[in-house]
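Heads up, the thing below is written out as structure tokens.
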Amino acid sequence: MTDLRAAALAALAEQTIELPSWAFGNSGTRFKVFGQPGVARDPFEKIEDAAQVHRYTGAAPRVSLHIPWDLVDDFSKLAAHAADLGVAIGAINSNLFQDDDYRLGSLTHPDKAVRDKAIAHHAQCVDVMRATGSTDLKLWLPDGTNYAGQDDLRARQDRLADSLQQVYAMLDPGMRLLLEYKFYEPYFYAMDIPDWGTSLLHCLALGDQATVVLDTGHHAPGTNIEFIVMQLLRVGRLGAFDFNSRYYGDDDLIVGSADPFQLFRIMNEIVAADALRPDSGVNFMLDQCHNIEPKIPGQIRSVQNVQEATAKALLVDREALAAAQAAGDVLAAHGALTDAFATDVRPLLAELRESKGLDADPYAAYARSGHQERISRERIGGTQASWGA
Ligand code: LRH
Ligand code: MN
């Protein structure tokens, strides 16, 4: 146990989680987007908020941006602002889901002019990456159809493959395309990249710099997500996670809040494949919306949830597990996982944080800091950032 504990501490010390800039803006549902006091009003303030999460957790040194939500005049100035605050700009997300021209599709659209517009948007995103030093271009394809027969499913795939090839050709060496799938919404009959298999097929057709993004909220209820994690790692094409949790749809709730055992099972596959290492090529990102709860504490809690699931996965006695699996001892094998999952890892994480000169409980430390009250007082006027604005 002691060796496992020491090895877990060493691995956890290197774990980093990338935060989504949009988590610091207002968000909601089609029914209501709620405002909250002190919410960031521009990308500079979003990065200041993300830096608070890193300050207290020590494990969130990157912020992913979304274009055009985070458009600024000078991205090198934004990158310098981030560096001054001890964080860096991570993945750049394109946006193909808020333009009337994309009603019937963007990279899949029957009209070449519309496809060219969507492709050109990625040229803009790659320029942002060159200015911020980002290496990940993240593309979630919102395209789909609502009625059977509405369009030719195969023709859309062929148009998509051609469009993606043009986007892929824009990447500089060292850059990656992260291709995200989603099984439904905003279209309800067929999404053009509905599952990991379709994303993988396109990535394999594109080349080595194309990898799959697994958003934990983008699967049909009951999907065994850790199996997909295992398979994508097995073929070396798991590029990133968008961590969140859900009860029914793409709820974007705090990761691990709805199903902590599922998050543990996912991190167990990561640890089993030795894919937690910083150079594993897997970018662990959050993709969440704090519709009703305060944003910075929500992100701090999220980082802690990922750390806790990871710590439990690192405490699985893999020798005992392998022996039980080889012996066909079903309950002993399952027990090796459930024992680790049942372990209270908060003392281990407190020790990790204290070894980094941080408070043992980041959530409580942030609450004591008075920062939330301060930004609520100071951020008066202007327009709060929100999904879509
Ligand atoms: C789509 C998605 C995608 C982002 C958006 C904010 O549902 O998961 O990753 O572009 O959320
Ligand atoms: Mn996502």
Side-chain angles (χ1 to χ4, degrees), residues 1-19 23 49-62 216 225-226 229 241 243-246 253-272 275-278 282 284-286 288 290 293-318 320-321 334-372:
M1 189 61 170
T2 47
D3 306 351
L4 269 183
R5 208 172 179 284
L9 272 173
L12 289 162
E14 295 192 299
Q15 182 178 38
T16 62
I17 295 145
E18 183 164 316
L19 308 180
D49 293 353
Q52 286 288 314
V53 178
H54 186 48
R55 176 175 170 184
Y56 289 95
T57 64
R62 295 183 312 283
T216 47
I225 294 177
E226 62 270 23
V229 171
F241 283 100
F243 278 137
N244 50 62
S245 67
R246 42 75 71 97
L253 298 171
I254 287 178
V255 59
S257 63
D259 188 347
F261 189 47
Q262 180 190 60
L263 181 61
F264 162 78
R265 299 194 311 267
I266 289 170
M267 295 314 292
N268 175 57
E269 291 301 332
I270 290 287
V271 171
L276 195 59
R277 289 172 293 103
V282 180
F284 298 91
M285 306 187 290
L286 302 180
Q288 294 175 183
H290 302 290
E293 71 269 24
K295 323 288 180 178
I296 298 171
Q299 288 283 290
I300 290 175
R301 181 72 258 174
S302 305
V303 170
Q304 288 182 252
N305 285 0
V306 176
Q307 289 180 308
E308 287 174 21
T310 307
K312 291 174 186 241
L314 287 162
L315 292 178
V316 171
D317 182 340
R318 293 193 185 273
L321 175 63
H334 181 52
L337 261 63
T338 53
D339 287 351
F341 180 67
T343 307
D344 181 357
V345 293
R346 292 173 294 183
L348 177 78
L349 289 166
E351 185 182 330
L352 168 77
R353 295 177 186 125
E354 283 161 356
S355 73
K356 289 185 169 186
L358 301 168
D359 191 284
D361 181 344
Y363 187 88
Y366 176 75
R368 280 196 307 276
S369 74
H371 183 267
Q372 197 63 33

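Worth knowing before you read on, the calculation uses all heavy atoms, side chains too, and leaves out hydrogens, waters and symmetry mates.
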Report the distance from atom [atom1] of [X] to atom [atom2] of [Y], rounding to the nearest 0.5 Å.
X      : Y      : atom1 : atom2 : value
Gln307 : Met267 : CD    : CE    : 10.5 Å
Glu354 : Asp359 : CD    : CG    : 7.5 Å
Arg353 : Arg346 : CZ    : CZ    : 11.0 Å
Ile296 : Asp49  : CD1   : CG    : 3.5 Å
Leu12  : Glu308 : CG    : CD    : 10.5 Å
Met285 : Glu18  : CE    : CD    : 5.5 Å

Tyr366 and Tyr56 aromatic ring geometry - parallel, tilted or perpendicular at 30°/60° bounds: perpendicular
[X] versus [Y], closest heavy-atom pair with distance:
X      : Y      : result
Ala272 : Arg318 : CB-NH1, 3.7 Å
Ser302 : Val255 : O-CG1, 3.5 Å
Arg246 : Ala258 : O-CB, 3.5 Å
Thr343 : Asp339 : OG1-O, 2.9 Å
Pro347 : Arg5   : C-NH2, 4.4 Å

Greater than 12 external heavy atoms within 6.0 Å of [X]'s [atom1]:
X      : atom1 : value
Arg277 : CZ    : yes
Arg55  : CZ    : no
Phe341 : CZ    : yes

So does [Y] get a backbone contact from the side chain of [X], meaning a donor-acceptor N/O pair under 3.5 Å?
X      : Y      : result
Gln304 : Pro362 : no
Ser245 : Ile254 : yes
Thr57  : Ala59  : yes
Lys356 : Gly58  : yes
Thr216 : Phe243 : no

Find out whether [X] and [Y] are in side-chain contact, i.e. whether some heavy atom of one side chain is under 4.5 Å from a heavy atom of the other.
X      : Y      : answer
Thr310 : Phe284 : no
Val316 : Phe264 : yes
Leu276 : Leu314 : yes
Ser257 : Gln288 : no
Glu226 : Asn268 : no

Output, in order, the C-alpha distance, side-chain angles, deciding distance and verdict of side-chain contact (heavy atoms from CB on, under 4.5 Å) for Gln52 and Gln299. CA-CA 10 Å; Gln52 286 288 314; Gln299 288 283 290; over 6 Å; no
With side-chain contact (heavy atoms from CB on, under 4.5 Å) as the test, pick out the partner of Ile266 among Asp259, Val306, Val229. Val229
